[in-house]
Amino acid sequence: MGSGLAGLRAAIEAARTGRGRVSIAVVTKTQPMRSHSVSAEGGTAAVLYPEEGDSLESHMWDTVKGSDFLADQDVVERFVNLAPHEIIQLEHWGMPWARRQDGKIAQRYFGGQSYPRACYAEDKVGFYEMSTLYDTCLRYDEIVFYDEWVVTKILKNNGRFAGVVAISLKNGELALFNAKAGILATGGAGRIYSFATFGHSSTPDGYAIAYRAGIPLRDMEFVQFHPTGLVPSGILITEAARGEGGILRNKDGERFMERYAPKAKDLAPRDIVSRAMITEIREGRGFKTEDGEDYLLLDLTVIDPDVIKKKLTSIREICLRNAGIDPINEPIPVRPVAHYYMGGVDANIDGATELPGLWAAGEVACTSMNGANRLGSNSTSECLVWGRITGEQAARFALTHPAVEPLKSEIDEEEKRIYDKLLGPAPRVNPYNIKKEIQALMERHFHVYREASSMEEGLRKLRALKQQAEMGVEDKSRYYNTNLINVLEIDYMFDVCEVIGAAAIHRSESRGAHARVDYPLRDDKNWLNHILVYKKIDGFEFSYKEVVITKFKPTERTY
Ligand SMILES: Cc1cc2nc3c(=O)[nH]c(=O)nc-3n(C[C@H](O)[C@H](O)[C@H](O)COP(=O)(O)OP(=O)(O)OC[C@H]3O[C@@H](n4cnc5c(N)ncnc54)[C@H](O)[C@@H]3O)c2cc1C
């Protein structure tokens, strides 16, 4: 399910593992090259040159420290070990990595990474990676693409995964995909915030579908705000812009990050830079647009124009097209923007979920590799590493287990929900207004800084909105009914926003991206654990998992 980096990498590995003996359906809401992964800009992290000073241990330490010690260290160790192989594997499949003078793969700096270890291709790394993987998929007869099919439900029988129900965008046909094994790779929760770097098709479908199937969501309180979203559109200005030397400035022209992170400065991890920016704005050292939107400046004029033209090509293009600014001559207006979800569908170190036969990979999964804050350039590598692991595991499982028949009652139920309930009577409320309200509420109550009273108010409003929503679909057509798909997505948003809100209220400490004004300190005594949220008939239930600590004891996190 899903055809981003994780889904495509998984499909290839499943095909390689079960050559001639497996049949793989890639069921995906968008055409593969419209998946969010295509817009990854800056780079993919891996240690390539230990002989030049970098080391796996250093990548592991940076990731664990970046995570504010909430990452499971066995998972991080596996990640740093496998990431270099994925870089080379992609190279063998045709990935045009940028080169150094000596012809080897080039790497650049990213926030919180002690060495330049982000491999890149201009500033369009995701586009080139996706093209490489999609091309490779097309070489395998075992892989069949079902583009523009939206998965709406995970089916189970006898405690095992039994397939999924999906609806075709083209003609509204509802179909059962019966399968022995499945991999959920539906990407991040995306557009539950209004100011976000995601495309509009990135919605939390996968999280909600897994949650409704009884699988817990983990670490959901941790939402990453990237420091540099272009104002007012929210389009991402990659961290590589600062990796190449860009500087953040306030209204007084001051390089304010020197005060917040004296050593790492503008390349401190994202949670730290975003908090510094919001503080600058709140203390009156920001700018305002004519429409009253806050912003600070990202100054690339200090970079050699040739570097901008060669290595930050699309950033320049984005600024020229969307803001009428040439970053060679003028600073860029930016502010923190919703960008990534550290939490997700609870999965073990192999990406296996609690439901036998179902794996999760990529941004939708939570193996707790990223803990409370992800380092830039680790996510695309994570998608590749766990795409590979889950693809292999799922294929092996399918080859050694008998098929499970889905329960007819579960399928009938889904058919009724979609055709009778959503496509039935005319809706009483406009779903697009509801969506706007959800997004506004998340922006207001669950942003960079959080506080109990405001979050509780947010959760109350969210629940009230859900009760009155009673969503339906105005457009009753079966063909390309995007209205229906949007209503399904909004329905999933309610579940996921509620889990984020409840977990954020529950975690009474500050750690990584979760910064509580009322609990400003990290509390390792009570909170060195993961929060899991299970769906129950009349609400939800919390459960906990200890953080796996192998090499590094939690210490104070300074940069
Ligand atoms: C603008 C931007 C820039 C980024 N830059 C970087 C970077 O430089 N380096 C880095 O490491 N990370 C970066 N990230 C993060 C990284 O790109 C993502 O975390 C990663 O690409 C997610 O990949 P994925 O395979 O999990 O999901 P996605 O690429 O989001 O794909 C999800 C897939 O699931 C499908 N899908 C969704 N719902 C359904 C459904 N109901 N039924 C069927 N299919 C469904 C979609 O169609 C899509 O194919 C960036 C993110 C953004 C938003």
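Remember, it's 1-based here, ligands and their atoms both numbered in the order they're listed. Not measured: the values here are computed from a predicted model.
In terms of polar-atom proximity, S202 is not counted as a contact of ligand 1, lacking any N or O under 3.5 Å from an N or O of the ligand. The N/O atoms of S35, backbone and side chain alike, include one that comes under 3.5 Å of an N/O atom in ligand 1. Considering both main-chain and side-chain atoms, T380 comes within under 3.5 Å of ligand 1 through a nitrogen or oxygen pair. Taking distance alone, with nitrogen or oxygen atoms compared against 3.5 Å, F110 stays at or beyond that limit from ligand 1. Residue S381 places no N or O, backbone or side chain, under 3.5 Å from any N or O of ligand 1. Taking distance alone, with nitrogen or oxygen atoms compared against 3.5 Å, S37 approaches ligand 1 more closely than that limit. Ligand 1 has no nitrogen or oxygen under 3.5 angstrom from a nitrogen or oxygen of A40. For the pair F198 and ligand 1, the shortest N or O to N or O distance does not fall below 3.5 Å. The distance criterion of under 3.5 Å between nitrogen or oxygen atoms is met by K29 with respect to ligand 1.
Salt bridge present: E413 and K153 bring a charged side-chain N and a carboxylate O closer than 4.0 Å. With respect to D491 and R212, a salt bridge is recorded, a charged nitrogen being found less than 4.0 Å from a carboxylate O.
Distance CG/L82 to CZ/R388: 5.5 Å, rounded to 0.5 Å. Taking OG of S114 as the reference point, atom NZ of K65 lies at 7.0 Å (rounded to 0.5 Å).
Cation-pi geometry between R100 and Y49 is met: under 6.0 angstrom from the ring centre, within 45 degrees of the axis. Geometrically, R191 does not engage F198 in a cation-pi contact, judged by NZ or CZ lying under 6.0 Å from the ring centre and within 45° of the ring axis.
When only non-hydrogen protein atoms are considered, atom 25 (O) of ligand 1 lies nearest to A6 N, 3.0 Å.
Of the candidates S379, G188, G187, G4, the one placing a heavy atom closest to atom 27 (O) of ligand 1 is G187. Taking each of H339, E41, M130 in turn, the one with a heavy atom nearest to atom 50 (C) of ligand 1 proves to be H339.
Contact between G206 and ligand 1 is absent, with no heavy atom of the residue lying under 4.0 Å from the ligand. Look at E129 and you'll find every heavy atom at least 4.0 Å from all atoms of ligand 1. Heavy atoms of L5 approach ligand 1 to within less than 4.0 angstrom. Not a single heavy atom of G126 sits less than 4.0 Å from an atom of ligand 1. The shell of residues lying under 4.0 angstrom from ligand 1, judged by heavy atoms, includes T28.
Looking at W149 against ligand 1, only its backbone comes within 4.0 Å, counting heavy atoms. Residue contacts with ligand 1 for N378 involve N, CA, C or O but no side-chain atom from C-beta outward (heavy atoms, distance under 4.0 Å). At a heavy-atom distance under 4.0 Å, only backbone atoms of V27 (N, CA, C or O) approach ligand 1.
Nearest heavy-atom pair, H447 versus E443, reported as atom, atom and distance to 0.1 Å: CB-O, 3.3 Å.
Proximity of the aromatic rings of F177 and Y146 is defined here by a centroid distance below 6.0 angstrom, and this criterion is met. Ring-centre distance between F145 and Y134: below the 6.0 Å cut-off. Taking the six-membered ring for Trp and the full ring otherwise, Y115 and H59 have centroids separated by 6.0 Å or more.
Against a heavy-atom cut-off of under 4.0 Å, G362 is close to the following atoms of ligand 1: 26 (O).
With R117 as the partner, the side chain to side chain donor-acceptor pair (under 3.5 Å) test is satisfied by one option alone out of T44, D54, N378: D54.
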